[in-house]
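Notes for the one structure printed next.
In listed order, ligands and their atoms are each counted from 1.
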Amino acid sequence: MNDNVQENPYLLLTPGPLSTSATVRQAMMRDWCTWDDDYNVGVVENIRRQLVAMASSTPGYTSVLMQGSGTASVEATIGSVIPGNGHLLVISNGVYGDRVAEIAQYLKIPCTVMACGEVGYPDATSMTAMLQEQPEITHVAMVHCETTTGMLNPLAEIAAVIKQFGKTFIVDAMSSFGGIAIDMGVLNIDFLVSSANKCIQGVPGFGFVIAREQALIECAGRARSLSLDLYSQWRCMEDHHGKWRFTSPTHTVRAFAQALQELQDEGGVEARHQRYKESQSLLVKSLEELGFRTLLPQALQSPFITSFYSPEHPEYSFKEFYTRLKARGFVIYPGKVSNADCFRIGNIGEVYPDDIRRLVSAVADSMYWL
Ligand SMILES: *Cc1c(COP(=O)(O)O)cnc(C)c1O
């Protein structure tokens, strides 16, 4: 039985923060000194090494941890990587892609958006045309799993074009890293951004960036913000064995170390991917049997979060449906697509196919509009 059922009033079926294991939460029950090797060498350096090992089968990569929510790590990357004479192309099909472009706008970084539409699939041919028409583009950013809809974007196809044109590739893999294999060396990804509270199943409080070391070294002095200077944060961690420049979220970091251990114990990224896939297909199949329809065809769907159309019934309200599910032990997520009325259900975190089965009967009991 999922231990969350005893310890929490409800299971979070959200894209993060998500339901964590009791052992991850227990890992926070002691204090740490940010100057001491027990923390820096024993915890932080181990995490940095494990992240690099997960992200690439070839050498030449390094990692940096950054305080704040995932967006802070995206902002640190955009603000520290693109030089003064650079130009960013953002491939966007949702809120998180748009957010990367908004960060560029705040930082006054020249930026072009390839807007695919929220249910549009980024297409390598249009991107090739764009790179040919705009040779001033130096960097390309794309979200891997667009959490707005749950779409898994075509990383390998896009990566191949970027490699052909020799551009720097930045990937927001926030909601996918740890839940699906990504090999930065093979895909030619220069910077990959993710955070503690998504597929690695830690608690919120920091994000991380895995970078091609040579590309990161070139970022010295480029940052547009002191606290979000990715290069300086990395330099400090390198020179002082895992020391963060400013107060680090020690308890969160220790919980993350435990979460990484549990990912290994589960069998690594591939085993976790299989669990997510099993939960997600079970979820879709069962809710379709109850009459729900998904926003995306299954071929474009990630195994992390799924958008379902709201029932077209005059008595249906998300709030009422949500409240009834919550009373039965499950918290779901509102929709985020602008032109379709949807709700979302995530299945990442300490959530198993058995929990999905219990959810399905809770959904059946909560369809008060029928
Ligand atoms: C969760 C998420 C983020 C970061 O969100 P925060 O609320 O800042 O942690 C960024 N991109 C994607 C695709 C996400 O799913």
side-chain contact (heavy atoms from CB on, under 4.5 Å) between Arg222 and Tyr231, intermediate numbers included: CA-CA 8 Å; Arg222 280 184 190 167; Tyr231 174 83; over 6 Å; no

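Side-chain atoms of Ser21 and Glu262 form a donor-acceptor pair, as typed in the model, at a separation below 3.5 Å.
Within 4.0 Å of ligand 1, heavy atoms belong to protein residues Ser69, Gly70, Thr71, Tyr96, Arg99, Val143, Cys145, Thr147, Asp172, Met174, Ser175, Lys198.
Between the side chain of Ser175 and the backbone N or O of Cys145 there is at least one donor-acceptor pair closer than 3.5 Å.
Classification of the Phe292-Phe343 ring pair by plane angle, with boundaries at 30° and 60°, yields perpendicular. Relative orientation of the Tyr39 and Trp32 rings is tilted, given thresholds of 30° and 60° on the angle between their planes.
Salt bridge absent: Arg99 and Glu102 never bring a charged side-chain N and a carboxylate O closer than 4.0 Å.
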